[in-house]
Amino acid sequence: MTNSTTREIPFGRPAITDEDRQRVADVLNGHILTHGPECQAFEAEFADFMGGGYAVSTNSGMTALHLAYFYFEIGPGDEVLVPAQTHIATVHAVELTGATPVFVDCDPTTGNMDLSQLEALITPRTRAVSVVHFNGIPVAMDQLTHIAQQHDLRIVEDCALAVGARYQNKHVGLWGDVGCYSFYPVKHLTTGEGGMYVTQHEHIAVQSAKLRAHGVDRKHDERSLPGNYDVPYLGPNYRMSELQAALGRGQIQRLAANIETRRQNFNRLRDGLLSAFEGDIVVLDAQSPNSESSFYCLSVVLKDEWRSLRDDLIRSLREQGVGTSIYYPRPVPEMSYYANKYKLPAGQYPNAARISYGSVALPVAPHVDTADIDYIIERFSYSLKGLLA
Ligand SMILES: *Cc1c(COP(=O)(O)O)cnc(C)c1O
């Protein structure tokens, strides 16, 4: 051991400032708690950050995803292609509509959906494809768009880990029909709970905003008589509150700097780990001028022979103050709900399984400084070598 001082490095920590707290307090000191200017400003600022498109705030990433299928009237009898390796919400959003999710394995170097498997899985019932930009690594959206156009499929991008990620200089979420973000506490920016539904198409944004708010025809400021409106559509209440929007707004201003810190942390951590274990580990990554990650976290995938060491490695890191996570703990088709319902044969998604059962997610967010990164490299090497000895 060369570094004797144990550090405490959590996997994630919301970065809330006094100014953010003041913005929330200002809303509480006023009298507009929903349907107000904070959500409108948050939406406009989010679209600005992306460099275009339309943004509609929601109360979670999950509800944004569900709103997309609701808008496209996808339901029983329809099929939606989904990643086997993703957060459960990507798939639950499909399942909740009554449509059938059809799982696609991932690329073992990025965690993103393996697009070469798509065409074989498309049937006359396939209506849409959903992709997750895994850990913020953009999916090759030009290829996906090409396949989707040929088969008349809608594209729903799950961008929950991908604020700031760009493919060919276009922000993710603006390639497909709809993109969905999450502001859950460990994500790039947080509103406690919350999400954003984005699209490059104005008509989708306008109609989806109505569906999101009980299917009411007019916004508050469009009503000539207070309280008077009609309801032409069926719709849930997936609105964000003014308190949440106020909390998110200041964080948008810090996003670019936040992602730059993540990039530096990520590259330093990747280089350190690869120089110790090159050939025996894979770091999920795909940086190029064409593909800008948002560096959500750094996932190290152990080689198959070392998979059984993974849980002990996590325990050892925890004892030394290194917070970790697992993105994601099982391929979705192996989660009990889906395993029981669809009874898909085990071992059908080997690359998703490789990541679920053989990877460790390490922190790179701005709460981690350079000395922390060096500590993580050193402790990771020490722990893994100890387990191999
Ligand atoms: C966090 C996350 C979600 C869910 O977002 P919520 O805001 O918690 O509903 C969906 N997809 C991915 C990929 C996520 O990481």
(message) Less than 6.0 angstrom from the centroid, inside 45 degrees of the normal: does Arg379 satisfy that with respect to the ring of Tyr382?
(response)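 Yes, Arg379 sits over the ring of Tyr382.
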(request) Kindly indicate whether a cation-pi arrangement holds for Lys385 with Phe277, taking the cut-offs as under 6.0 Å to the six-membered ring centre and within 45° of the axis. (result)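 The answer is yes, since Lys385 meets both limits relative to Phe277.
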Classify the ring geometry between [X] and [Y] as parallel (under 30°), tilted (30 to 60°) or perpendicular (over 60°).
| X | Y | value |
| --- | --- | --- |
| His92 | Tyr338 | tilted |
| His171 | Tyr181 | tilted |
| Phe183 | Phe42 | tilted |

Taking 4.0 angstrom as the limit, do [X] and [Y] come out as a salt bridge?
| X | Y | value |
| --- | --- | --- |
| Arg154 | Asp177 | yes |
| Glu292 | Arg263 | no |
| Arg23 | Glu19 | yes |
| Arg310 | Glu305 | no |

When rounded to the nearest 0.5 angstrom, what is the spacing between [atom1] in [X] and [atom2] in [Y]?
| X | Y | atom1 | atom2 | value |
| --- | --- | --- | --- | --- |
| Asn135 | Thr110 | CG | OG1 | 9.5 Å |
| Met113 | Gln143 | CE | CD | 13.0 Å |
| His66 | Leu96 | NE2 | CG | 5.0 Å |

(request) Evaluate salt bridge (Lys or Arg N to Asp or Glu O under 4.0 Å) for Asp285 paired with Arg270, printing each intermediate quantity in order. (result) CA-CA 9 Å; Asp285 194 12; Arg270 176 201 59 203; 2.9 Å; yes
(request) Determine, step by step, whether Thr261 and Asn258 satisfy the side-chain hydrogen bond (donor to acceptor under 3.5 Å, both in side chains) criterion, reporting the C-alpha distance in whole Å, the side-chain angles of both residues, the deciding distance to 0.1 Å, and the verdict. (result) CA-CA 5 Å; Thr261 304; Asn258 173 321; over 6 Å; no
(message) Is it the case that the side chains of Glu157 and Ser130 hold a donor-acceptor pair, with the cut-off being a distance below 3.5 Å and no angle test?
(response)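 No, Glu157 and Ser130 have no side-chain donor paired with an acceptor closer than 3.5 Å.
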(request) Verify whether one side chain among Ser356 and Gln85 offers a donor that lies under 3.5 Å from an acceptor in the other. (result)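 There is such a pair between these side chains.
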(request) List the steps, then state whether side chain to side chain contact (heavy atoms under 4.5 Å, CB included) holds for His87 with Val132. (result) CA-CA 9 Å; His87 188 285; Val132 59; over 6 Å; no
(message) Tell me whether Arg125 at atom CZ has more than 12 heavy atoms from other residues, nucleotides or ligands lying less than 6.0 Å away.
(response)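 No, because the 6.0 Å sphere around CZ of Arg125 holds 12 heavy atoms or fewer from other groups.
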(request) Go through Asp20 and Arg249 one step at a time and tell me if the salt bridge (Lys or Arg N to Asp or Glu O under 4.0 Å) criterion holds. (result) CA-CA 8 Å; Asp20 298 335; Arg249 287 184 61 197; over 6 Å; no
(request) Show the numbers, then the answer: is there a side-chain hydrogen bond (donor to acceptor under 3.5 Å, both in side chains) between Gln22 and Asp18? (result) CA-CA 6 Å; Gln22 189 55 50; Asp18 286 344; over 6 Å; no
(request) Using the test side-chain contact (heavy atoms from CB on, under 4.5 Å), find all partners of Asn351 that sit at least two apart in sequence or belong to another chain. (result)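 Listed in chain order: Asp105, Cys106, Pro108, Arg354.
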(message) Using the ring pair (Phe, Tyr, Trp, His ring centres under 6.0 Å) criterion, which residues pair with Phe11? Sequence neighbours excluded.
(response)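 Scan of Phe11 (ring pair (Phe, Tyr, Trp, His ring centres under 6.0 Å), adjacent residues dropped) gives Tyr327.
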